[in-house]
Amino acid sequence: MRRNICLEPRTAGTFLRWLSSFPCRPGPDGSLWKNKQQRSLKNKIRNTGKSRRLPCPAVLNHFDQQYSEELGDLWASARAVLLDPPSWQYGVMLNRFSSVTAITQILLSQGFSSMLPQTDVSELLHNSCYIHPHPLRFPSPTHRPGQLKQYYLLNAASLLPVLALQVRDGDKVLDLCSAPGGKAVAIMQSATPALLCCNEPDPHRRDWLAKTLESFLPPSLRSRVMVSAQDGRVIGQSEAGFYDKVLVDAPCSNDRSWLHSSDIHRGQQRLEDRAGLPELQTQLLRSAISAVRPGGVVVYSTCTLSSLENGAVVEAVLKDFPDAEVESLWGEIALPLSEYFAVISPPLGILVVPQPGKTWGPMFLSRIRSSS
Ligand SMILES: C[S@@+](CC[C@H](N)C(=O)[O-])C[C@H]1O[C@@H](n2cnc3c(N)ncnc32)[C@H](O)[C@@H]1O
């Protein structure tokens with residue numbers, strides 16, 4: 001099958017210059033970063049960072065039609081960002097269960113800063129999430145046998161559903177669609193729940209999830225974290241009313257990666273499958289609301305701009321739960337973080353739209369409180 005590949009030397013060059021500018025300082029094990037870690041990281045970027053795919057015309061055309069209608073002028077600037085991977089920003093979530101003093105110093109010296117204001121809800125996350133105003137990609141964390149990973153790289157907008165979930169120590173939490181586990185790791189950075197059930201029906205993705213949890217959580221916490229393999233649509237029946245908080249980070253059209261589908265057939269297949277997603281998402285959200293106790297909280301999130309997979313899903317589900325309430329996230333999340341994120345307020349939630357200089361997203365989130 002033919003793949004459209006073009007070389008993108010800019011990414012690799014920028015990264016290498018940035019990496020070379022690290023000051024020479026001792027790593028966590030006392031060795032010099034400049035000598036050991038940097039050398040292997042440079043080799044890694046030489047081998048992996050050179051190629052970049054062109055956008056898939058079928059997906060781009062489809063998005064152009066739908067999103068210019070839904071987002072108006074905002075789509076042109078969002079489109080420009082989505083089509084320009086070298087402009088994408090990356091967030092770094094530190095792992096509070098590992099030793100992070102040295103890595104924090106490196107982040108600060110490179111111009112990264114803590115993203116979250118210090119509030120009750122984000123007190124722990126405040127010290128653990130770093131972003132940079134420019135598109136600098138921190139290298140992937142290395143695996144060191146017997147040691148936890150020090151950080152997780154992510155689109156910083158992925159943290160917003162976790163913030164909205166407001167997990168407190170002692171909560172029973174369900175991460176209904178959990179692999180590869182980024183939000184599960186973030187939940188464990190934000191509080192110490194009594195139970196975090198990470199559910200993922202796809203066996204390969206579940207293996208990936210298990211590895212993520214093992215790489216980031218100490219053995220002492222593992223008794224609180226379990227992995228399950230159910231179809232999320234049935235958990236609302238089998239575990240009705242059991243959880244305090246449920247996160248539905250739903251399977252969705254992942255706009256960023258779909259635009260860069262590896263070939264046109266894959267892109268077209270995704271567009272065909274797209275039509276079935278709102279029904280699956282509606283069933284998952286219904287199941288989640290049934291799985292929380294009276295007064296419990298469900299956060300629904302996707303990484304697409306599509307209103308059919310966002311507000312329309314929430315609206316459909318609310319018809320079955322007329323006493324459940326959608327809570328505003330505008331004052332709590334959108335306004336305090338407007339320095340970093342371009343956020344709009346479509347019906348029933350908030351939507352982070354990638355924009356030049358604020359390339360985070362897409363990310364839709366909605367918080368629903370079940371009736372007490
Ligand atoms: C957007 S991803 C989740 C990302 C994850 N929350 C994270 O932050 O790393 C959606 C996940 O839902 C899973 N999924 C698909 N169908 C599902 C179902 N019926 N029940 C539960 N999960 C499902 C997919 O396999 C995929 O891993």
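Note that ligands are numbered from 1 as they come in the structure, with each ligand's atoms numbered from 1 the same way.
Without hydrogens or angle criteria, S290 side chain to R286 main chain gives a donor-acceptor distance under 3.5 Å.
The closest approach between a heavy atom of S158 and any atom of ligand 1 is not below 4.0 Å.
Side-chain contact, Y90 with T359: no donor N or O sits under 3.5 Å from an acceptor N or O. A donor-acceptor pair shorter than 3.5 Å can be found between the side chains of S301 and D249.
The proximity of A250 to ligand 1, defined as any non-hydrogen pair under 4.0 Å, is limited to the backbone. At a heavy-atom cutoff of 4.0 Å, ligand 1 is contacted by the side chain of R205 but not by its backbone. No part of N254 comes within 4.0 Å of ligand 1, judged by heavy-atom distances.
Of all protein heavy atoms, the one closest to atom 6 (N) of ligand 1 is D249 OD2, 2.8 Å. The single protein non-hydrogen atom nearest to atom 15 (C) of ligand 1 is P251 CG, 3.6 Å, given as residue, atom name and distance. Looking from atom 19 (N) of ligand 1 to the surrounding protein, the closest heavy atom is D231 OD1, 3.0 Å. Counting only heavy atoms of the protein, atom 12 (O) of ligand 1 lies nearest to C177 CB, 3.2 Å. With respect to atom 17 (C) of ligand 1, the closest heavy atom belonging to the protein is P201 CG, 3.7 Å.
By the 3.5 Å distance cut-off applied to N or O atoms, Q230 is not counted among the residues near ligand 1. Residue-to-ligand polar distances place G181 within reach of ligand 1: an N/O pair is separated by less than 3.5 Å.
Close contacts of ligand 1 with L176, meaning ligand atoms under 4.0 Å from a residue heavy atom, involve 21 (C), 22 (N). Close contacts of ligand 1 with G232, meaning ligand atoms under 4.0 Å from a residue heavy atom, involve 18 (C), 19 (N), 20 (N), 21 (C).
Comment: E332 engages R367 in a salt bridge, judged by a side-chain N to carboxylate O separation of less than 4.0 angstrom. The pair E214-R222 fails the salt-bridge criterion, with no side-chain N (NZ, NE, NH1 or NH2) lying under 4.0 Å from an Asp/Glu carboxylate O. Checked for salt-bridge contact, D244 and R293 meet the test: a charged N lies under 4.0 Å from a carboxylate O.
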### Task
For Q281 and C252, run side-chain contact (heavy atoms from CB on, under 4.5 Å): C-alpha distance rounded to whole Å, both residues' side-chain angles, the deciding distance at 0.1 Å, then the answer.
CA-CA 8 Å; Q281 291 156 341; C252 66; 3.6 Å; yes
### Task
Determine, step by step, whether W88 and H132 satisfy the ring-ring contact (aromatic ring centres under 6.0 Å, His included) criterion, reporting the C-alpha distance in whole Å, the side-chain angles of both residues, the deciding distance to 0.1 Å, and the verdict.
CA-CA 11 Å; W88 296 356; H132 199 282; over 10 Å; no
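Geometric assessment of K172 against the ring of F242 yields a positive cation-pi assignment under the 6.0 Å and 45° thresholds.
For an aromatic pair to be called close, the ring centres must be under 6.0 Å apart, and F138 with Y130 fails this.
In this comparison of R206, E200, K183, the heavy atom closest to atom 24 (C) of ligand 1 sits on E200. Counting only non-hydrogen atoms, the option in A184, A179, S228, S287 that gets closest to atom 4 (C) of ligand 1 is A179.
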